[in-house]
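Shown below is the structure under consideration.
For reference, positions follow the sequence shown, starting with 1.
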Amino acid sequence: MKKSQYISSQAELEALIERYFEGITSLEQEDAMRQCLAHCPWSSEAIDDARMVMGYFAAHSKQHRRSVSSGMRQGIIGIAASIAVILAVGGYVLWHQSQPGDMCIAYVNGTVVKDNDKVMALVANDMSKMDDATDAMTNQLSSLGEALELDNE
C-alpha cells in the first residue's frame, strides 16, 4: 500500500489492523492505518481496540517527551543554582579576605580604645571581676542554704 493510497473500507482497515498486530505491515501501511483510525467514522471491536492502543502509545510518547524535557529543565536549573552558590561563596571569601584583619575596639568611659592588647586586658579584668562576684554569690547562697537547714531541724 503506498502512502498516497487511503483505506477505503472498514474490512480493509480491520485486515490492516490484524496484520499490524502480527507485525507484518510496512511503515507506510502503519502510517495509513494511524491516519484512518484518527479520522474514519467506522467502529468495531478491533477498530476501537486499535484506537485505544494507538491513543495510549501516542499519549505515553507525548508524556515521555514532556518528562524528559522536564528532567532536562530541572537539571539545568540545578546546575545554575550550583553555579550561583559557588559564585556567592567565592565572592564572600574574596570580600572577606580584602577586609582588614581582626581588630578589637572598646569604649571605656566615652574613650575609644583600639589597641588589641589593651582591649583584651580590659576584657580579662571584667571577666575576673565577674568571676569574683560569682564566687561571692555562691558563698552567700551556700550560707543561706545552711541557715535554712538549721531552721528546719
Side-chain angles (χ1 to χ4, degrees), residues 3-4 6-7 13 16-17 19-41 43 45-153:
K3 195 170 186 177
S4 62
Y6 62 92
I7 299 169
L13 176 60
L16 188 58
I17 290 170
R19 286 195 310 272
Y20 171 79
F21 284 113
E22 289 174 2
I24 56 175
T25 56
S26 67
L27 292 176
E28 291 81 17
Q29 289 173 327
E30 289 178 25
D31 186 49
M33 181 188 68
R34 289 176 197 272
Q35 291 297 320
C36 187
L37 285 171
H39 302 289
C40 75
S43 179
E45 186 176 347
I47 291 172
D48 294 341
D49 287 348
R51 278 188 178 127
M52 185 173 57
V53 169
M54 297 298 164
Y56 170 78
F57 287 134
H60 180 70
S61 174
K62 186 182 285 185
Q63 184 172 357
H64 177 70
R65 283 192 304 267
R66 262 192 248 137
S67 69
V68 168
S69 173
S70 175
M72 286 177 55
R73 188 178 313 120
Q74 288 176 345
I76 291 170
I77 289 171
I79 291 169
S82 298
I83 290 170
V85 167
I86 289 168
L87 289 175
V89 169
Y92 174 77
V93 168
L94 290 174
W95 172 80
H96 188 38
Q97 287 177 348
S98 68
Q99 298 300 311
D102 295 335
M103 183 160 71
C104 296
I105 299 175
Y107 293 90
V108 180
N109 297 326
T111 304
V112 177
V113 178
K114 291 186 178 180
D115 182 19
N116 287 352
D117 293 333
K118 288 182 181 177
V119 171
M120 293 310 288
L122 290 169
V123 169
N125 185 31
D126 287 345
M127 294 298 282
S128 176
K129 288 180 183 177
M130 286 177 33
D131 191 39
D132 292 343
T134 303
D135 289 342
M137 288 179 71
T138 303
N139 289 337
Q140 287 178 356
L141 288 173
S142 178
S143 297
L144 186 60
E146 290 173 6
L148 288 174
E149 285 179 14
L150 290 175
D151 285 342
N152 286 334
E153 289 179 3

Atom pair CG (L16) and CD1 (I7), whose distance is rounded to the nearest 0.5 Å: 4.5 Å

What's the spacing between Y20 OH and E30 CD if we round to 0.5 Å? 5.0 Å

Checking Q35 now: which residues fulfil side chain to side chain donor-acceptor pair (under 3.5 Å) with it, not counting sequence neighbours? none

About how many Å separate OH of Y107 and CG of L122, when rounded to the nearest 0.5 Å? 14.0 Å

Atom pairs and distances, donor-acceptor, side-chain atoms in residues 124-137, under 3.5 Å, two or more places apart:
residue: T134; atom: OG1; partner: M130; partner atom: O; Å: 2.8

Rounded to the nearest 0.5 Å, the SG atom of C36 sits from the CD1 atom of I17 at a distance of 8.0 Å

Taking it one step at a time, do D48 and R51 satisfy salt bridge (Lys or Arg N to Asp or Glu O under 4.0 Å)? CA-CA 5 Å; D48 294 341; R51 278 188 178 127; 3.6 Å; yes

Separation of C40 SG from I47 CD1 (nearest 0.5 Å): 5.5 Å

CD/E45: more than 12 non-hydrogen atoms of other groups inside 6.0 Å: no

